[in-house]
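Any value given below was found using the heavy atoms of this structure, including those in side chains, with hydrogens, waters and symmetry copies removed. Being a predicted model, the structure only gives us computed values, none of them experimental.
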Amino acid sequence: MDLTRVVLPTFILEKRSLLEMYANFMAHPDLFLSIAAGATPEERIISFVEYYLTAFHEGRKGAVAKKPYNPIIGETFHCSWDVPKDKVKALRTNGASTVSKEPAKEFGQDQSTCYKLRFVAEQVSHHPPISCFYCECKEKKMCVNAHVWTKSKFMGMSIGVSMVGEGVLHLMEHEEEYVFTLPSAYARSILTIPWVELGGKVNITCARTGYSATVTFHTKPFYGGKVHRVTAEVKHSPTNTIVCKAQGEWNGTLEFTYSNGETKVIDTNKLPIIRKKIRPIAKQGPLESRHLWQHVTNSLKEGNIDAATEHKHHLEERQRAEERQRVALAAQWKPKYFAKEGDGWLYMNPLWKTQ
């Protein structure tokens, strides 16, 4: 059964929209910006894999699986990060900083010492539910554009959510494009204490350089076995040479082994997190995530499940009524920031058009 049509009980909701959850892929924007700092195509794809493997743990904080709000059509989410320039390093010199024990401290906001990373997400379709997000750093001449269609199904004691779609990372200085996909998510033991695991094989490819990577998120075997395991392999396809291997847990410790025999360990729990900056709700537009869902969120915070359910129902009803009106008028929904192109969706004003 397709879960997008099932109204889930409000108490299992997480206090944020799915669009905001996508922004948490950037919880380590310093690692993201470091991709462009790589001196060679090999370094850049390895940096991408390091960033990618550390991108999931922050979005899945807490042991209990909760479900973010289903964004309504036209909903948007905006945020930005100020990334200290001295935190953005090329891969090889990066060894020491990744296992530093210093607590995740708030970095100073001196603009001249920071790169600015901007993020926008939009819900462009209701059936099927498609979210798009775009993130850019003008100074580093890099941006990423992604569209994700979530498909859910019941599987007995689990719920499976596949993320259909892809993202493209553009490194303008190197004229490289990295195409990547996303793993599926599974909510397990939904009748007791639900928890989330990721599963499936993900591909990252750069046609221009011939480098590619496969990342496999392993689901826990029925008997024994570890949870949250992930393995990855980076290879240069023309010569079939493996240049890097990684293994570990996506929400724990990851170990990288390079072709020259060097190794590196990243503990995702010790990586400093750079907080995203979001305008206060009072200054947000009516369709921005936190403004739109504020009454549901406040009711959940107060533990008032009935009020949260009521507010959520009100938003969903409004969406249905608007949908019926569009059908009656045979009108197409027009997104604000993204336009459909082929099978995908592209941000209307991307860096590669403006550079």
Side-chain angles (χ1 to χ4, degrees), residues 22-56 58 77-98 100 104 106-121 132-147 166-180 204-209 211 213 234 244 256 264 266 271-278 337-338 346-355:
Y22 286 132
N24 284 357
F25 281 135
M26 293 288 160
H28 303 303
D30 49 333
L31 292 185
F32 176 70
L33 295 182
S34 295
I35 300 169
T40 61
E42 182 179 317
E43 274 198 18
R44 290 191 287 275
I45 190 154
I46 290 173
S47 290
F48 189 160
V49 172
E50 290 189 1
Y51 154 72
Y52 188 93
L53 290 179
T54 58
F56 293 92
E58 180 60 18
F77 179 79
H78 303 259
C79 66
S80 66
W81 293 263
D82 288 330
V83 187
K85 292 183 177 176
D86 60 353
K87 293 276 169 207
V88 177
K89 302 184 178 76
L91 178 78
R92 290 289 178 243
T93 55
N94 207 352
S97 66
T98 46
S100 68
E106 292 293 315
F107 296 112
Q109 302 304 315
D110 178 6
Q111 302 301 321
S112 61
T113 60
C114 290
Y115 293 117
K116 187 73 147 179
L117 188 61
R118 297 174 194 281
F119 178 94
V120 56
C132 296
F133 62 86
Y134 172 82
C135 191
E136 70 173 30
C137 176
K138 286 198 168 103
E139 285 177 281
K140 299 292 281 178
K141 293 191 170 59
M142 64 190 293
C143 61
V144 66
N145 185 104
H147 62 276
E166 64 178 33
V168 183
L169 168 69
H170 298 260
L171 302 181
M172 264 81 78
E173 280 193 338
H174 307 291
E175 294 179 12
E176 290 168 1
E177 290 180 12
Y178 296 80
V179 180
F180 61 94
I204 300 168
T205 51
C206 179
R208 184 185 167 95
T209 64
Y211 280 95
V234 183
C244 173
F256 296 83
K264 168 168 156 185
I266 296 180
L271 287 173
I273 285 161
I274 297 176
R275 298 267 159 241
K276 56 183 182 286
K277 299 168 77 171
I278 303 169
Y337 298 108
F338 292 85
L346 282 182
Y347 185 63
M348 288 179 195
N349 197 14
L351 259 189
W352 67 84
K353 278 189 185 167
T354 55
Q355 288 284 316

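Atom CE of M172 sits about 10.0 Å away from atom CD of E177, to the nearest 0.5 Å. In this structure, NZ in K89 is found 12.5 Å from CG in L33, a value given to the nearest 0.5 Å. T40 OG1 to H174 NE2: the interatomic distance, rounded to the nearest 0.5 Å, is 9.5 Å. R118 contributes atom CZ, which lies 12.0 Å from atom NE2 of H78 (distance to the nearest 0.5 angstrom). Separation of atoms OH (Y22) and SG (C132) is listed at 10.0 Å; rounding is to 0.5 Å. Rounded to the nearest 0.5 Å, atoms CH2 (W352) and CD (E136) are 10.0 Å apart.
Between T209 and I45 the shortest side-chain heavy-atom distance does not fall below 4.5 Å. Under the 4.5 Å side-chain criterion, counting only non-hydrogen atoms from C-beta, K277 is in contact with K116. Here the side chains of F256 and C244 are in contact, with some heavy-atom distance below 4.5 Å. Looking at heavy atoms from C-beta onward, Y211 lies out of side-chain contact with Y178 at the 4.5 angstrom threshold. Contact of the C114 side chain with the V83 side chain is not registered, since no non-hydrogen atoms from C-beta on lie closer than 4.5 Å. Proximity of F338 to H147: side-chain heavy atoms (C-beta onward) are nowhere separated by under 4.5 Å. Counting only heavy atoms from C-beta outward, the side chains of F25 and Y51 approach each other to under 4.5 Å. The shortest side-chain heavy-atom distance between C135 and L117 falls under the 4.5 Å cut-off.
Each of R44, R208, K141 was checked for a salt bridge (charged side-chain N to carboxylate O under 4.0 Å, His left out) with E176, and the lone residue meeting it is R44. Partner F133 forms a ring-ring contact (aromatic ring centres under 6.0 Å, His included) with one of Y347, F119, Y337, F77 and no other, that one being F119.
Counting all heavy atoms, side chain and backbone alike, Y134 lies closest to L351 at OH-N, 2.9 Å. Of all non-hydrogen atoms in L31 and L271, the two that sit nearest each other are CD1-CD1, 4.1 Å. In this structure, N24 and K276 approach most closely via the heavy-atom pair OD1-NZ, 3.0 Å. A pairwise comparison of heavy atoms in A36 and M142 identifies CB-SD, 3.7 Å as the closest pair. Taking all atoms of both residues into account, the shortest heavy-atom contact from I35 to L171 is CG2-CD1, 4.1 Å. Closest approach of G38 and E43 over heavy atoms only: CA-OE1, 3.6 Å.
For F48 and F32, the ring centers sit 6.0 Å or farther from each other.
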Open item on the list: What verdict does the side chain to side chain contact (heavy atoms under 4.5 Å, CB included) test give for H28 and I273, after you've listed the backbone C-alpha separation in whole Å, the side-chain angles of each residue and the deciding distance to 0.1 Å?
Closed with: CA-CA 6 Å; H28 303 303; I273 285 161; 3.7 Å; yes

